[in-house]
Colleague: 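This is the structure I have questions about; it appears just below.
In each ligand, atom 1 is the first atom listed, and ligand 1 is the first ligand listed. These numbers were taken from a predicted model, which means no experiment stands behind them.
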Amino acid sequence: MSYLLKCIECGAEFPQGEGRTECDCGGLLDVVHDLSPLAALRELFDRRLRSWEPGNPIFQSGVWRFRELVLPVEETHILSRPEGNTPLYRSRRLSQWTGVEDLILKHEGENPTGSFKDRGMTVGVTHARLSGAKAVACASTGNTAASLAAYAALAGLPAIVFVPQGKVALGKLAQALAYGAITLEVKGDFDSAMALVRKSSRELGLYLLNSVNPFRIEGQKTIVFELVQQLSWEPPDWIVFPAGNLGNTGAFGKALAELAELGLIGRLPRLAAVQAQGANPFFRSFLAGFSRRERVEANTIATAIRIGDPVSYPRAVRALKLTDGLVVEVSDQEIMDAKAQVDAAGIGCEPASAAAVAGTRKLARQGIINRGEQVVAILTGNLLKDPQTTLAYHQGKLEGIKSTYANRPRAIEPTLEAVKEVL
Ligand code: F0G
């Protein structure tokens, strides 16, 4: 089983086993698998899904079940929690609210550290350890930091996370600290933290675990592999998801390309990347037919996707071109109202994830998603990641946001009369 690394920009190739995560020209790298000897993969993946061997991460992990298409390494090297195996939800309430009858939510917030990042991180940290890394690092709006901190602790590797000061949701910051990462609060935004960690990794020999790292992308592809497997290898019409640094957008495109090449799917779903209006560089590039790469100063209540200069831009453009995909933007108001609906459905997610549902509703209203089409919206992060924003919404305390679906707490005297009055 083999793979090589190939630069998206200059085409340079590097053999398996190199510890590098970027090309010498600064371009992004692809992991290119040799797919030719891979026959009967569907049966193999289905067999693994059905079997249950205690202690074997390959069978228990929704990432490593697909390891031939992820990172073909010896089982003993794999560092897994195990992650993935996230549920699909349907909700009458959300179908009605979005206007999409056949709506499925895949909840990546039900991963070990509460976000989809664990899928990329198990592969990235496994590769970091295999290539002899002494320390691992990332810049993050919070979830990558939390995930990196947890997996580095599992690997016994020091972790250094660079986060924008004052712009990270409480649950994520708490996780990074609790899992023991050296946490650098950078006085600036995510994009400046990202530039700093890239420079620091080169200068100080830190193993970089942002989604520029091609092994992170390989792990995140399994969101799509697992989703298609859960749907009995029948892809949906649409996959809708929030887009920030564009790692997922790129990963989803690569996953679909590989599934198609292997004959595991007969047609490609359309990808719809959803951005917050205040952090919409990819949307702007989309409007310009991807003729230019846009950068903005980002600002949105969905701090996870508060990103103005996404690093995986080239991968993401490729993914949208392949799938006849599109980008849509939604306002913070639309995001928070969608979140209130997802939460009240008993499912729950963090603000950035709700952008997927807000985007689904918008596309259905615009008639771009047609009646009868099947849509899978990816919920990327857990409700508990950002309790502050949730509380402020329900208490009517979010500046510039109307609490359309507020469920206010009510203080009462400790008497039965007071309870009766409320009920
Ligand atoms: N949703 C959540 C909950 C996220 O944390 C992120 C990214 C995204 C969506 C966007 O995904 O970057 O692949 O386009 N969070 C990163 C972080 C940037 O640092 O945790 P993307």
Colleague: Below 4.0 angstrom, N of the basic side chain to O of the carboxylate: do E218 and K254 qualify?
Modeller: yes
Colleague: Can you pull the salt bridge (Lys or Arg N to Asp or Glu O under 4.0 Å) pairs that have at least one residue in residues 185-200, sequence neighbours excluded?
Modeller: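 Counting only pairs at least two positions apart or across chains, the salt bridge (Lys or Arg N to Asp or Glu O under 4.0 Å) contacts touching residues 185-200 are E22-R198.
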Colleague: Are E226 and K106 ion-paired here, with the side-chain N under 4.0 Å from a carboxylate O?
Modeller: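 Looking at K106 together with E226, the answer is yes, because their closest N to O distance falls below 4.0 Å.
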Colleague: Between the protein and ligand 1, which nitrogen or oxygen pairs come in under 3.5 Å, and how far apart is each?
Modeller:
{"unit_1": "ligand 1", "atom_1": "1 (N)", "unit_2": "T380", "atom_2": "OG1", "d": "2.7"}
{"unit_1": "ligand 1", "atom_1": "5 (O)", "unit_2": "N143", "atom_2": "ND2", "d": "2.8"}
{"unit_1": "ligand 1", "atom_1": "12 (O)", "unit_2": "N245", "atom_2": "N", "d": "2.8"}
{"unit_1": "ligand 1", "atom_1": "13 (O)", "unit_2": "G247", "atom_2": "N", "d": "3.1"}
{"unit_1": "ligand 1", "atom_1": "13 (O)", "unit_2": "N248", "atom_2": "N", "d": "2.8"}
{"unit_1": "ligand 1", "atom_1": "14 (O)", "unit_2": "G244", "atom_2": "N", "d": "2.7"}
{"unit_1": "ligand 1", "atom_1": "14 (O)", "unit_2": "N245", "atom_2": "N", "d": "3.2"}
{"unit_1": "ligand 1", "atom_1": "14 (O)", "unit_2": "L246", "atom_2": "N", "d": "2.8"}
{"unit_1": "ligand 1", "atom_1": "15 (N)", "unit_2": "K117", "atom_2": "NZ", "d": "3.0"}
{"unit_1": "ligand 1", "atom_1": "19 (O)", "unit_2": "S140", "atom_2": "OG", "d": "2.7"}
{"unit_1": "ligand 1", "atom_1": "19 (O)", "unit_2": "T141", "atom_2": "N", "d": "2.8"}
{"unit_1": "ligand 1", "atom_1": "19 (O)", "unit_2": "T141", "atom_2": "OG1", "d": "3.3"}
{"unit_1": "ligand 1", "atom_1": "19 (O)", "unit_2": "T144", "atom_2": "OG1", "d": "3.1"}
{"unit_1": "ligand 1", "atom_1": "20 (O)", "unit_2": "S140", "atom_2": "OG", "d": "3.4"}
{"unit_1": "ligand 1", "atom_1": "20 (O)", "unit_2": "N143", "atom_2": "N", "d": "3.1"}
{"unit_1": "ligand 1", "atom_1": "20 (O)", "unit_2": "T144", "atom_2": "N", "d": "2.8"}
{"unit_1": "ligand 1", "atom_1": "20 (O)", "unit_2": "T144", "atom_2": "OG1", "d": "3.0"}

Colleague: Between D332 and K339, is the closest basic N to carboxylate O distance under 4.0 Å?
Modeller: no
Colleague: Can you tell whether the side chains of D337 and K402 come within less than 4.0 Å, N to carboxylate O?
Modeller: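 Looking at K402 together with D337, the answer is no, because their closest N to O distance does not fall below 4.0 Å.
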Colleague: For the pair F45 and W233, name the ring-plane relationship: parallel under 30°, tilted 30 to 60°, perpendicular over 60°.
Modeller: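 Parallel, since the angle between the ring planes stays under 30°.
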